[in-house]
Amino acid sequence: MIPPASLAGIHVYFPDPWPKKRHHKRRLLQTPFVQQLALRLQAGGYLHCATDWEEYAQQMLEVLSAEP
């Protein structure tokens, strides 16, 4: 429902880390979701993410680094 290229920035603070290995597929910051967020950002827009789980932070960095 959010038009493409309509957001200057997106903040995702402390999403559920789903710490058990079998639940990692439920984590919010996965490639398909990040691709949808990227489509909603204006040119020069930003995505700010924060977590207090080191393992989740590493996964977030991997997913976000893979998105052009």
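The basis for the numbers below is simple: all heavy atoms, side chains too, and nothing from hydrogens, waters or symmetry mates.
The minimum heavy-atom distance between Y56 and P17, with the atom names listed, is CD2-CA, 3.6 Å. The nearest pair of heavy atoms linking A50 to P15 is O-CD, 3.5 Å.
The SG atom of C49 lies 8.5 Å from the CG atom of L28; values are rounded to the nearest 0.5 Å. Considering OG1 of T51 and CZ of R27, their distance stands at 8.0 Å, rounded to 0.5 Å. Taken to the nearest 0.5 Å, the CG atom of L29 stands 4.5 Å off from the CE atom of M60. In this structure, NZ on K25 lies 11.5 Å from NZ on K21, to the nearest 0.5 angstrom. Atom CD of Q30 sits about 11.5 Å away from atom CD of Q35, to the nearest 0.5 Å. The CH2 atom of W18 lies 5.5 Å from the CG atom of D16; values are rounded to the nearest 0.5 Å.
Ring orientation note: the planes of H11 and Y46 are nearly perpendicular, at an angle over 60° on the 30°/60° scale. A perpendicular orientation is assigned to the rings of H48 and Y13, their planes being inclined by more than 60° (bins at 30° and 60°).
A donor-acceptor pair is defined here as one N or O able to donate and one able to accept, closer than 3.5 Å; no such pair exists between the side chain of S65 and the backbone of E62. Using modelled atom types, no side-chain atom of R40 and backbone atom of P3 make a donor-acceptor pair closer than 3.5 Å. A distance-only check finds a donor-acceptor pair linking the side chain of H24 to the backbone of P19 [under 3.5 Å].
Two residues are said to be in side-chain contact when any heavy atoms from C-beta on lie closer than 4.5 Å; L61 and Q58 fail this criterion. Contact of the V12 side chain with the I10 side chain is registered, since non-hydrogen atoms from C-beta on lie closer than 4.5 Å.
Two different hydrophobic clusters hold F14 and W53 under the rule that ILVMFWY side chains link at heavy-atom gaps under 4.5 Å. When the side chains of ILVMFWY residues are joined at heavy-atom separations under 4.5 Å, either directly or via intervening members, L39 and I2 end up in two distinct hydrophobic clusters.
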